[in-house]
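Following: one structure in structure tokens, then a few remarks.
This chain uses plain numbering: 1 for the first residue, then up along the sequence.
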Amino acid sequence: MNINLPVARGLGALLFCLALLMAPLTGLAEVPPQSVFNPRPAGGDLILPMPDGAEMVFRRVSVPGQGFWGDRDRVIQIGDASGGIFEGLQRTQISGSFARDDGSWYLVLGKYELTRAQYIAVMGLETLLETSGDPQVRELPQLRGRELRDALMQPLAYVSHQDIQAFLRAYNHWLFDPDHPERRARLPRVDGVPGFMRLPTEEEWEYVARGGMPALEAGTFNDRLPFPTRQANEYAWHLDNARHELRPVGLREADGLGFHDLLGNVQEMTSGLFRPEIWQGKPGGVAVRGGSVSTPASELRSSLRAELDIYAWNADAERVEERRSFNTGARLAIGANVLVSSAQQASIEQEYEAYREDLRRTMPVGRTLDNLVAQASVQLGTVDPILDRLMAQNPDLVEPLRAVQAQMDRARERLELAQRESARSLTQDAARNGVNLSVYLSRLARLDDTLGRARRLAEISTRYQDQVDAVERSIHDLEIAAGEQLRGYQDKVAELGDYEPQYIEHAFQVLDATELPPRERLVMEVLREHVDVFSEQRRSDPQVWMQDFRQRFEGFEDN
């Protein structure tokens with residue numbers, strides 16, 4: 001079949017010809033027909049319409065836990081301790097956008113990378129020719145037959161982040177055309193409200209790349225790759241087998257969840273700004289994930305992340321340009337608003353009460369792993385399922401692996417002692433800051449009285465003005481010193497709040513058992529209140545804390 005495709009023939013002719021190049025193949029009832037937009041159909045595919053007969057294919061991915069707020073099973077570890085400096089191990093909570101009738105939740109991610117054909121279906125060939133920096137796109141009107149099909153099945157690249165956002169906006173508008181309710185009929189819904197197209201978050205992307213719930217249950221979730229390293233050529237297009245050349249989507253094997261090209265081919269834009277760590281740090285450009293045809297196979301990993309500068313400085317032209325990269329594209333997700341109705345909001349608020357009382361303090365939002373001791377403890381906790389799996393798979397290694405397990409148990413014991421001691425030390429240091437702060441506040445209260453008397457005398461005679469000035473300088477110096485002590489106190493309370501409740505409780509028990517002067521005993525009471533508040537709310541309020549100290553130590557006199 002010879003197909004010549006002048007631009008003037010328009011979008012409809014292009015997609016019609018493209019569809020003819022791959023005849024549908026029907027399979028089992030639950031498996032959709034094969035098409036150019038779904039070259040590797042599988043059961044569970046969610047297929048949504050696009051203009052001119054094109055399609056977008058998604059997969060549903062279950063997340064652990066029940067209910068809106070979830071439970072401890074929803075906490076996952078991402079990152080790679082042996083990866084780059086921006087891939088440090090982190091604990092985060094994975095949550096889906098949509099709920100099933102049984103209370104379980106799931107997220108929805110594109111099965112393939114967004115292709116040129118799909119972009120053309122929504123935006124038009126002329127728009128692609130105008131926006132793309134890809135020289136191969138200029139050749140599309142002259143291609144025919146298999147060359148045309150393969151070119152249009154390549155992932156969209158060489159477009160800017162703004163171009164992707166424009167595509168998402170246009171596709172959403174098309175789906176939600178009020179005159180065509182059938183277009184949104186298969187969209188997942190929250191309380192009857194359909195979801196919408198967006199880019200995935202980094203957490204969603206990495207959770208899927210690592211294999212989701214099946215990998216969590218099998219103990220392989222924290223593996224460097226979701227497939228054996230020796231099989232990288234079967235699952236990914238990378239530098240060693242693609243040599244910087246993009247390939248049509250769906251040619252490599254699907255991963256365990258049915259996705260294609262999550263690793264390799266184009267690196268994929270996510271919805272968030274790039275930060276040195278996923279949920280903290282300096283925000284920069286757009287976070288891109290998965291590596292590309294320019295990534296060596298040895299560097300492919302589920303945690304691999306990089307920054308795409310949205311606006312790039314062209315030093316030669318001395319101007320800022322929108323970044324277009326030959327190996328950067330996108331994969332769509334379907335999201336939903338958190339709140340879609342007053343009834344749903346009431347249900348979430350009701351569920352939150354129980355969540356706040358118990359579960360929240362154990363979730364990543366309720367405690368971080370900034371201290372190295374706590375982080376090491378979490379990392380040790382991930383070793384047991386790996387050792388169990390290795391012993392089950394290698395009976396001849398049971399004895400040496402049990403010896404490793406015994407060493408890990410001893411390391412845990414030492415870490416337990418280290419965390420207890422570290423929490424006690426932090427509590428003692430925070431109390432010391434609190435004592436100094438209370439002393440300065442007592443002095444400030446006395447100086448305020450002195451200043452009042454000096455000012456009254458200065459009104460009678462100017463010779464007392466020097467005394468007023470001296471007292472005001474002393475007050476100023478003490479206010480600075482009190483502020484420094486409050487900042488130290490605040491920092492230590494925040495660090496202490498990162499520890500598990502049993503370590504905090506042990507620290508206070510040890511210090512309460514010692515003989516403390518009255519001032520320090522009162523400081524310990526205030527400190528305990530502030531640590532409890534921080535552990536529950538994950539935030540400090542220095543103004544409120546300062547006022548607490550003022551009230552508790554008003555008129556206090558050391559014996």
Q: Kindly indicate, with the supporting measurements, whether the criterion side chain to side chain donor-acceptor pair (under 3.5 Å) is fulfilled by His260 and Asp255.
A: CA-CA 7 Å; His260 293 267; Asp255 64 18; over 6 Å; no
Q. In terms of the angle between their ring planes, are Tyr503 and Tyr499 parallel, tilted or perpendicular, with boundaries placed at 30° and 60°?
A. perpendicular
Q. Donor-acceptor pair, Glu203 side chain versus Thr92 backbone, under 3.5 Å?
A. no
Q: Using the six-membered ring of Trp174, assess whether NZ or CZ of Arg183 lies under 6.0 Å from its centre and within 45 degrees of the ring axis.
A: yes
Q | Side-chain touch Val63/Met213, heavy atoms, less than 4.5 angstrom | A | no
(Q) Quick one about His244 and Ser294 (side-chain donor to acceptor, distance below 3.5 Å, no hydrogens or angles considered), yes or no? (A) yes
**Q.** For the student: nearest non-hydrogen atoms of Ala330 and Leu199, plus distance
**A.** CB-CD2, 3.9 Å
Q.
Set out, in order, the CA-CA distance, both residues' side-chain angles and the distance that settles side chain to side chain donor-acceptor pair (under 3.5 Å) for Asp163 and Tyr119, then state yes or no.
A. CA-CA 10 Å; Asp163 295 329; Tyr119 181 88; 5.1 Å; no
Q. Without hydrogens or angle criteria, can the side chains of Gln118 and Thr115 be said to hold a donor-acceptor pair below 3.5 Å?
A. yes
Q. Would you say the side-chain atoms of Asp177 pair up with the backbone N or O of Asp179, donor to acceptor, closer than 3.5 Å?
A. yes
Q | Check: Phe68 main-chain N/O paired with Glu351 side-chain donor or acceptor under 3.5 Å | A | yes
Q: Please name the pair of heavy atoms, one in Leu332 and one in Met56, separated by the smallest distance, quoted to 0.1 Å.
A: CD2-CE, 3.8 Å
(Q) Around atom CG of Asp101, are there more than 12 heavy atoms from other residues, nucleotides or ligands closer than 6.0 Å? (A) no
Q. How long is the span from the CD1 atom in Ile504 to the CG atom in Asp532, to the nearest 0.5 Å?
A. 8.0 Å
Q: Check step by step if side chain to side chain contact (heavy atoms under 4.5 Å, CB included) holds for Gln90 and Ile278.
A: CA-CA 8 Å; Gln90 298 175 64; Ile278 285 178; 4.0 Å; yes
Q) When you measure from the side chain of Arg389 to the backbone N and O of Gly219, does any donor-acceptor pair fall under 3.5 Å? A) yes
Q: Decide side chain to side chain donor-acceptor pair (under 3.5 Å) for Ser62 and Arg100; before the verdict, give the C-alpha distance in whole Å, the side-chain angles of both, and the deciding distance to 0.1 Å.
A: CA-CA 10 Å; Ser62 296; Arg100 300 185 178 91; 3.0 Å; yes
Q.
So, taking the atom named CZ in Arg289 and the one named CG in Leu304, what distance separates them when rounded to the nearest 0.5 Å?
A. 7.5 Å
Q: Go through the steps to decide whether Leu187 and Leu48 satisfy the test side chain to side chain contact (heavy atoms under 4.5 Å, CB included), and finish with yes or no.
A: CA-CA 8 Å; Leu187 277 170; Leu48 296 182; 3.5 Å; yes
Q: Give the intermediate values and the outcome of side chain to side chain donor-acceptor pair (under 3.5 Å) for residues Ser132 and Asp134.
A: CA-CA 5 Å; Ser132 175; Asp134 189 349; 5.0 Å; no
Q: Run through Val137, Val266, Leu246 and flag the one making a side chain to side chain contact (heavy atoms under 4.5 Å, CB included) with Gln154.
A: Leu246
Q | For Val293 against Glu245, the heavy-atom pair lying closest together | A | CG1-O, 3.4 Å
(Q) Applying the side-chain hydrogen bond (donor to acceptor under 3.5 Å, both in side chains) criterion to Ser292, which one of Asp261, Asn265, Asn327 satisfies it? (A) Asn327
(Q) Determine whether a donor-acceptor pair (N or O, by modelled atom type, separation under 3.5 Å) exists between the side chain of Arg331 and the backbone of Gly110. (A) yes
Q: Enter the distance from Thr201:OG1 to Tyr207:OH here, rounded to the nearest 0.5 Å.
A: 12.0 Å
Q: Of all the heavy-atom pairs spanning Gly44 and Arg59, show the shortest one and how long it is.
A: C-NH1, 3.5 Å
Q. Are Phe98 and Trp105 close enough that their ring centres sit under 6.0 Å apart?
A. no
(Q) Taking Pro64's backbone N and O only, do any of them form a donor-acceptor pair with Arg74's side chain (distance below 3.5 Å, no angle check)? (A) yes
Q. Has Tyr311 got more than 12 heavy atoms of other residues, nucleotides or ligands less than 6.0 Å from its OH?
A. no
**Q.** Arg169 atom CZ, over 12 foreign heavy atoms within 6.0 Å
**A.** no
Q: Evaluate the side-chain proximity of Ile47 to Arg186: yes if any heavy-atom separation is below 4.5 Å, no if none is.
A: yes
Q: Check whether any side-chain heavy atom of Phe196 lies under 4.5 Å from a side-chain heavy atom of Leu168, and answer yes or no.
A: no
Q) Is the closest basic N to carboxylate O distance between Glu202 and Arg305 below 4.0 Å? A) yes
**Q.** Donor-acceptor pair, side chain of Trp205 and main chain of Leu109, under 3.5 angstrom
**A.** no
Q: Starting at CG of Leu263, measure out to CD of Glu299 and round the result to the nearest 0.5 Å.
A: 13.0 Å
Q. Would you say the side chain of Tyr171 lies within less than 4.5 Å of the side chain of Met50, judging by non-hydrogen atoms?
A. yes
Q.
When you compare the side chain of Arg116 with that of Gln136, does any pair of heavy atoms fall below 4.5 Å?
A. yes
Q) From Glu126 CD over to Ile120 CD1, what is the distance, rounded to the nearest 0.5 angstrom? A) 9.5 Å
Q | Ile78 vs Glu87, side chain to side chain contact (heavy atoms under 4.5 Å, CB included): CA-CA, chis, key distance, verdict | A | CA-CA 8 Å; Ile78 57 177; Glu87 299 168 41; over 6 Å; no
Q) Can you check whether Gln34's main-chain N or O pairs, donor with acceptor, with Asn38's side chain at less than 3.5 Å? A) no
(Q) So for atom CD, which belongs to Gln350, do other residues, nucleotides or ligands contribute more than 12 heavy atoms lying within a distance under 6.0 Å? (A) no
Q: May I ask you to test the Arg252-Asn241 pair for a side-chain heavy-atom distance under 4.5 Å?
A: yes
Q | pair Leu257-Pro214: side-chain heavy atoms closer than 4.5 Å | A | yes
Q | Donor-acceptor pair, side chain of Asp240 and main chain of Pro296, under 3.5 angstrom | A | no
(Q) Give me the atom names and distance for the closest heavy-atom approach of Ser302 to Pro226. (A) OG-CD, 3.5 Å
**Q.** Side chain to side chain, Tyr158 and Thr328, heavy atoms closer than 4.5 Å
**A.** no
Q | Heavy-atom pair with the smallest gap, counting every atom of Val122 and Pro51 | A | CG2-CD, 4.0 Å
Q | Backbone of Met123 reached by a side-chain donor or acceptor of Thr127 within 3.5 Å | A | yes
(Q) Check this for me: does any side-chain nitrogen of one of Glu204 and Arg198 sit under 4.0 Å from a carboxylate oxygen of the other? (A) yes
(Q) Could you check, using the six-membered ring where one of them is a Trp, whether Phe37 and Tyr112 have ring centers closer than 6.0 angstrom? (A) no
Q.
Can you classify the ring geometry of Phe227 versus Tyr235 as parallel (below 30°), tilted (30 to 60°) or perpendicular (above 60°)?
A. parallel
Q: Can you measure from NZ (Lys111) to CZ (Arg60) and round to the nearest 0.5 angstrom?
A: 12.5 Å
